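Okay, structure first, notes after.
Values reported hereafter were calculated over all heavy atoms of this structure, with side chains retained and with hydrogens, waters and symmetry mates removed. These numbers were taken from a predicted model, which means no experiment stands behind them. Counting begins at 1 with the first residue of the sequence.
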Amino acid sequence: MRPVSVEDISFVVTTYNRHRFLKSIISHLLSYDLPFRVHIFDNGSSHETIEVCSHFVENYKNVFYHRSGKNEGFDRAMAKVGSCSKDLGKYSIWLADDDYFNVDGLSDIINIINMALPDFIQYSVANFYRKELKVVFYKKEECKKGRTATVFEDAPSYLMSSWPVIPAFCGIIVRNDILAQEMFLKYDGTYHAYAGALAEIAASGGASGVKPRILYVDDPNTPFGFFLGDSGKTWTGQNGQVLAGIRRLMALLPDVYRDQVMKLWPSYKRGYFNHISSIEFLRNEVEKERYYFDV
């Protein structure tokens, strides 16, 4: 099988009415003049975003624009990513429009892909492991001090280790031939369909159908991507529904994760619902529909 190269990589950028951020990240990616593809998924933005996207499509052959006629929410935008997976090459790198990505690290990503052929790579917020690549294939306890890298081959272990950081957006690189629209639609309304889709891939055994190949990477010393500053609007909007969506997300996960959800939910409840307004909202949600992990 031919090794993965930069031509096999797509950047998937979701956006909604943040044309200045979008213009910044797309301009940054294209400034490297590399033959990867950039797919913009616009969730029904207004005229300014359409103008920005039209400019890039007209001037760059490797930029593609997918637009919904109305705002259907972030989860539906990710479902469209799933429906277009055959057009995304072999692997895609998922970004929000207010993210930054250090394209200098792309060669490292490709090296990792060719060495491990992972179903997906998840790297922690603002970090990516770029030095001494062989270390990432060792178990966590064998890694150098201050750095964490783990290969998971069972779904529950992946969930327990990585999900404490999932609601704060993490970096995702995923193998496109195992994506499907249904993976995202199952979690429509949770505001975290991207996380649910990864959990589905892991639970199904990934491409092999037996053991998922998941690489989780964390290096606190090497910046790779970070928010440009608009994430606060996302996490404080919709009257707490974004945070409450985590609860529904966990309720929809496959049964293989049941024990892990029971262990994780109390810490989520303490950590993410620590404001009076959030607590009140969550209490109202529990009264409407109680899930198996509610205590």
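Side-chain contact check for Asp154 versus Lys211: every heavy-atom pair is 4.5 Å or farther apart. Side-chain contact check for Pro212 versus Phe120: every heavy-atom pair is 4.5 Å or farther apart. Looking at Tyr16 and Phe74, their side chains never come closer than 4.5 Å, going by heavy atoms from C-beta outward.
Checking side-chain atoms of Asn176 against main-chain N and O of Ser85 turns up no donor-acceptor pair under 3.5 Å. When atom types are taken as modelled, the side chain of Arg213 and the backbone of Ala207 share no donor-acceptor pair closer than 3.5 angstrom. Looking at Tyr91, its side chain does come within 3.5 Å of a backbone N or O of Pro118 through a donor-acceptor pair. At distances below 3.5 Å, at least one donor-acceptor pair connects side-chain atoms of Asn43 with backbone N or O atoms of Glu72. Of the possible donor and acceptor atoms, none in the side chain of Arg18 sits under 3.5 Å from a partner among the backbone N and O of Thr49. With hydrogens and angles ignored, the 3.5 Å screen pairs a side-chain donor or acceptor of Asp75 with a backbone N or O of Gly189. Listed for the Thr190 side chain is a donor-acceptor partner under 3.5 Å among the backbone atoms of Tyr187. Under the 3.5 Å distance criterion, the side-chain polar atoms of Ser31 are matched with a main-chain donor or acceptor of His28. Formation of a donor-acceptor pair under 3.5 Å by the Lys23 side chain with backbone atoms of Val52 is not found in this model. No donor-acceptor pair under 3.5 Å is formed between the side chain of Tyr291 and the backbone N or O of Met250.
Taking hydrophobic clusters as Ile, Leu, Val, Met, Phe, Trp and Tyr residues chained together by side-chain heavy-atom distances below 4.5 Å, Leu185 does not share a cluster with Trp94. In the hydrophobic cluster analysis, where Ile, Leu, Val, Met, Phe, Trp and Tyr join through side-chain heavy atoms closer than 4.5 angstrom, Val12 is grouped apart from Phe64.
In this structure, CD on Glu51 lies 11.5 Å from NE2 on His55, to the nearest 0.5 angstrom. Between Gln122 atom CD and Ile214 atom CD1 the span is 8.5 Å, to the nearest 0.5 Å. Summarising the geometry, atom CG belonging to Asp177 is positioned 10.5 Å from atom NZ belonging to Lys86; distances are rounded to the nearest 0.5 Å. To the nearest 0.5 Å, atoms CG (Asp42) and NE2 (His19) are separated by 12.0 Å. Taking CD from Gln181 and NZ from Lys80, the interatomic distance works out to 7.5 Å, rounded to the nearest 0.5 Å. In this structure, the separation between CG on Asp87 and NE2 on His66 is 7.0 Å, given to the nearest 0.5 Å.
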Start with the C-alpha distance between Val4 and Ile9, add both sets of side-chain angles, then the distance that settles side-chain contact (heavy atoms from CB on, under 4.5 Å), and finish with yes or no. CA-CA 8 Å; Val4 172; Ile9 303 295; 4.1 Å; yes
Decide yes or no on side-chain contact (heavy atoms from CB on, under 4.5 Å) for Tyr191 and Arg248, but give the supporting numbers first. CA-CA 9 Å; Tyr191 301 88; Arg248 184 172 178 230; over 6 Å; no
Stepwise salt bridge (Lys or Arg N to Asp or Glu O under 4.0 Å) test for Arg247 and Asp294: CA-CA 9 Å; Arg247 178 172 169 268; Asp294 285 319; 3.0 Å; yes
Give the C-alpha distance, both sets of side-chain angles, the deciding distance and a yes or no for side-chain contact (heavy atoms from CB on, under 4.5 Å) between Arg37 and Leu88. CA-CA 8 Å; Arg37 283 168 271 185; Leu88 301 179; over 6 Å; no
Candidate pair Leu159 and Val256, rule side-chain contact (heavy atoms from CB on, under 4.5 Å), full reasoning: CA-CA 10 Å; Leu159 198 83; Val256 68; over 6 Å; no
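Scanning both residues, Lys90 and Arg2, for their nearest heavy atoms gives NZ-O, 3.4 Å. For the pair Ala197 and Phe184, the tightest heavy-atom approach, listed with the atom from each and the gap, is CB-CE2, 3.5 Å. For the pair Gly245 and His192, the tightest heavy-atom approach, listed with the atom from each and the gap, is C-ND1, 4.2 Å.
Using cut-offs of 30° and 60° on the angle between ring planes, the pair Tyr158 and Phe152 is perpendicular.
Under the 3.5 Å distance criterion, with hydrogens and angles disregarded, a donor-acceptor pair is assigned to the side chains of Ser46 and Asn17.
Not a single side-chain hydrogen bond (donor to acceptor under 3.5 Å, both in side chains) links Asn62 to another residue, sequence neighbours left out.
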